[in-house]
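One structure below.
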Amino acid sequence: APAPAPPAPTPTPQAAPPPVAPDLSHAAEGGTKPRLLEATCISDHLRLPRDAQVDQGEVIRVRFEVGLDGQPAAFTLLGPPRDDRVGSSIWSAIQRCRFTPGTDSKGAPAVQWVVMPFRFGAR
């Protein structure tokens, strides 16, 4: 009888590195962070396409700038979603909202970055 084949080597699990993104939503020392004028504004305006590819529990982090006028600008996805339409929908919702600008340590309005996570549940 032929000798049995040696067992296949067991692959070493390789964990994907976690996404690393600096949390830029902190205020300058002594300053304040930007805040939404209406707390539910983004969730009220977020409309995903019915067939959007989003996994239950998926977290998508975005970064954007809040200007002196409270308007969001310079949007960036931190780790893009599987479906590009999801990022576009998030940005569209953010653009419909206004923020109270953050302030510097002297209390003057200051342009600041915001990092915001979006967690998607069961559909």
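These numbers were taken from a predicted model, which means no experiment stands behind them.
Atom CD1 of Ile90 sits about 7.0 Å away from atom CG of Leu48, to the nearest 0.5 Å. Rounding to the nearest 0.5 Å places OG1 of Thr40 at 6.5 Å from CD of Glu38. Going from atom CZ of Phe64 over to atom CD of Gln95 covers 10.5 Å, rounded to the nearest 0.5 Å.
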task = Would you please test His45 and Cys97 for side chain to side chain contact (heavy atoms under 4.5 Å, CB included) and show each step?
result = CA-CA 9 Å; His45 292 292; Cys97 300; 4.2 Å; yes
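For Ser89 against Arg47, the heavy-atom pair with the smallest separation is OG-O, 3.2 Å.
Residues Phe120 and Ile94 share a single hydrophobic cluster, defined by chaining ILVMFWY side chains whose heavy atoms lie under 4.5 Å apart. Tracing side-chain contacts under 4.5 Å through hydrophobic residues (I, L, V, M, F, W, Y), one reaches Val54 starting from Leu46; they form part of the same cluster.
Judged by distance alone, the side chain of Thr32 and the main-chain N or O of Thr103 form a donor-acceptor pair under 3.5 Å.
Using a 4.5 Å heavy-atom cutoff, the side chains of Val62 and Val115 are not in contact. Between Phe118 and Val86, every side-chain heavy-atom pair lies at or beyond the 4.5 Å cut-off. Proximity of Val114 to Arg63: side-chain heavy atoms (C-beta onward) are nowhere separated by under 4.5 Å.
The environment of Glu58 atom CD is dense: over 12 non-hydrogen atoms of other residues, nucleotides or ligands sit within 6.0 angstrom.
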Can you list, pair by pair, the side-chain donor-acceptor contacts under 3.5 Å of residues 66-79, counting residues two or more places apart and other chains?
residue	atom	partner	partner atom	Å
Asp69	OD1	Gln71	N	3.0
Gln71	OE1	Arg98	NH2	3.4

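Residues in residues 81-96 take part in these salt bridge (charged side-chain N to carboxylate O under 4.0 Å, His left out) pairs, two or more places apart or across chains: Asp51-Arg85, Asp55-Arg82, Asp83-Arg85.
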